[in-house]
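Notes follow the structure.
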Amino acid sequence: MRALTLNPIKHLSIITVIRHNGFLKFNFLCTSISTSSAEPLEPIKSKATNQIALGLSFGLRKCTNLWSVKQAHAKAIACGIQHDTHLSTKIAILYVSFHKVDAANSVFESIPNPCSYLWNYMIRGYATEGQFGRSLGLYNEMMQKGLRPDKFAFPFVLKSCAGLSNLELGKLVHQHSVCCGCSNDRFVNVALVDMYAKCGEVETARLVFDKMAVRDLVSWTSMISGYGHNGYNSETLEFFDLMRDSGVKANRVSLLSVLLACGSLGALRKGEWFHNYVIQTGFQCDVLVVTALMDMYAKCGSLDLARSLFDEAAGKDVVCWSAMIACYGLHGNGRKAVDLFNEMVKTGVRPNHVTFTSVLSACSHSGLLEDGKRYFKLMEEVFGIAPKLNHFSCMVDLLGRAGRLYEAKTLIENMPVKPDAIIWGSLLGACRIYRNLDLAERVADIIFQLDHFQSGYHVLLSNIYAAKSRWNKAEMVRNMMARRGANKIQGFSLIEFDNTVHKFGVGDRSHPQSDRIYSKLEELAAKMKRLGYVPSTDFVLHDIEEEGKEEALSYHSERLAIAFGLINTSPGTPIRVTKNLRICGDCHNAIKFIVKIEKRLIIVRDMHRFHHFEDGACSCRDYW
DNA sequence: GTAGGGTTAG
């Protein structure tokens, strides 16, 4: 071991210089005590070590880059002063702020008794990096050591509970935060609102919000996004108005939430209003806001507007590109999605797993079998992204729709992730399209072992039997579904008119204009019949989430919403309807007749994609 | 020293 040749006195003088001249001299100190030799240095055994620690700490005060932190850390080890609490704490905190939480943790673990300030910082670091389990582990360890977390720790502990959707733990942490006297802290309360909302307890989130003494922009925004997160889209918009009424001015984050809600509701007019608001408030150059605007326009049916926003956006990142690719997929334009993906890669933006989900889904919806297979291969081989359940789902869907049923089955059986009922359900859907009863029965067996209580799979299997005229079997599956008390999702359709979103259920008569709506449908039915429309009695055309056969097909929610739109808008105006389930085959056929009769463009967004009906045809070319 | 946020399958 080679002794450090620097004279302690010289060190002291350097430290004095650092104190007076700041960071530049800190680098000098690092260099002075470094050695070109690979041999470890013998720790300095003199009073100067404390001074060196002080000097490094002092130098780190103005530290703005990771390199300096690493240098200081290395020097601390070289001088044997890595156990200096003050210096190590500083180094660990800096590592956290440079997102090097594991490096911070190694320093943290070397400190015999870290202060609560550092504990908090470590909990924060892991929570911020998405390592929620480790963040909670530290919180637990902190309590076991008898240390009391404070108002700086709880927001991040709660963030970790939210990240893991662990409501039970979240409730315990809530109680603990009250015990620790943090119930009035606004940061803790915002984190509570966020935690409850992300764990699906939006009403509890609201209770916390209502009790808050100070409601600033962030607390309002947490509640707004909390509503959105739980699918309470109308409430999201209402709450935004309430916030503004209370005198709090919106910022980009709150705008992101409302734009998302407009997209989910298909509320184009409202979305346009917010677009205008974005321009007035000067957020139109913010790439996050532009991405949300694109998403909103595309989900409201205006793909062209989404594209022009995309073209004008400055500083497009991978999320922005992926969003535009997803927009094309949603509208059934797989070719453009694929082209845009290639353009993105050429531009030098690296795709992520979401980009691939969007590309594969776009290929699947457009029937681009070979492209889909190629990109699936590419993602791992060229971009090093291991496929996840999302990607396998897209591939099973792609192969299944293209009739490659056994290829899809082999893929499920050999994938490295555990298949769920839904991915098998996708294959069952393909069996329905290609009327493969033999495979359907085997697949259904697997599904029912995994998930007994979804009506969709029972309906699907029953429809396959019906399509093969196996009526007894079809009836048996329906009875089995009734015995098992399988859940059924209620279908509904939304249409925006006069700045309000109108909601219709199947056979719904609760709307004030109900009589006029039903008369309109009767009038249409007569005209459709003359043009050759025959209501479909073929179960096979019905979807996995079909509304029950007991309901008259002509009163499916999308038809009620369309009739409402026809009555209330002037001729020639496009009609936009959003449906929570997949559009059924009979409605799909009927709308083709309706657009011909009414000479309108009707855009229906179902749970998977858009259908643009115009001049007797649909943009999906009946492939959906 | 602290909070809220844009894209994604079936």
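The chains referred to below are lettered A, B, ... by the order of the sequence lines, with proteins before strands, and numbering in each begins at 1.
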Whole-Å gap separating [atom2] ([N]) and [atom1] ([X]):
{"X": "A:Ile423", "N": "B:dG10", "atom1": "CD1", "atom2": "P", "result": "10 Å"}
{"X": "A:Phe108", "N": "B:dG1", "atom1": "CZ", "atom2": "P", "result": "20 Å"}
{"X": "A:Ile433", "N": "B:dG10", "atom1": "CD1", "atom2": "C1'", "result": "13 Å"}
{"X": "A:Leu411", "N": "B:dA9", "atom1": "CG", "atom2": "P", "result": "18 Å"}
{"X": "A:Met415", "N": "B:dG10", "atom1": "CE", "atom2": "P", "result": "14 Å"}
{"X": "A:Leu368", "N": "B:dA9", "atom1": "CG", "atom2": "C1'", "result": "16 Å"}

With a cut-off of 6.0 Å (strictly less than), are more than 12 heavy atoms of other residues, nucleotides or ligands near CG of A:Asn184?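 Counting neighbours around CG of A:Asn184, 12 or fewer heavy atoms of other residues, nucleotides or ligands fall under 6.0 Å, so no.
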Within 6.0 Å of NZ in A:Lys373, more than 12 heavy atoms from elsewhere: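 Counting neighbours around NZ of A:Lys373, more than 12 heavy atoms of other residues, nucleotides or ligands fall under 6.0 Å, so yes.
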How does protein contact run along nucleotides 2-7 of chain B, one letter per nucleotide 5' to 3', with B for base contact, S for sugar-phosphate only, - for none, heavy atoms under 4.0 Å? BBBBBB
Return no unless some side-chain N or O of A:His353 is found under 4.0 Å from OP1 or OP2 of B:dT8.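 Checking A:His353 against B:dT8: no side-chain N or O falls below 4.0 Å of OP1 or OP2.
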Give a yes/no answer on whether the side chain of A:His365 brings an N or O atom under 4.0 Å of OP1 or OP2 in B:dG10.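 True: A:His365 side-chain N/O within range (under 4.0 Å) of B:dG10 OP1/OP2.
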Pick base, sugar-phosphate or nothing for A:Asn189, based on heavy-atom distances below 4.0 Å to the nucleic acid.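 No contact at all - A:Asn189 keeps every heavy atom at 4.0 Å or more from the nucleic acid.
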Keeping the roles fixed (side chain from A:Arg215, backbone from A:Phe209), state whether a donor-acceptor pair exists under 3.5 Å.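 Judged by distance alone, yes, a pair lies under 3.5 Å.
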Ion pair present between A:Arg307 and A:Glu312, side-chain N to carboxylate O less than 4.0 angstrom?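 Here A:Arg307 does not pair with A:Glu312 in a salt bridge, since their nearest N and O are not under 4.0 Å apart.
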Is a donor-acceptor contact shorter than 3.5 angstrom present between the side chain of A:Ser393 and the base of B:dA9?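 Check passes, donor-acceptor contact within cut-off.
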Reference residue A:Tyr196; test side-chain hydrogen bond (donor to acceptor under 3.5 Å, both in side chains); the match among A:Lys171, A:Glu203, A:His174, A:Arg206: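 Among the candidates, only A:His174 passes.
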Can you tell me how the ring of A:Tyr277 sits relative to the ring of A:Trp273, calling it parallel under 30°, perpendicular over 60° and tilted otherwise?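 Answer is parallel, since the angle falls under 30°.
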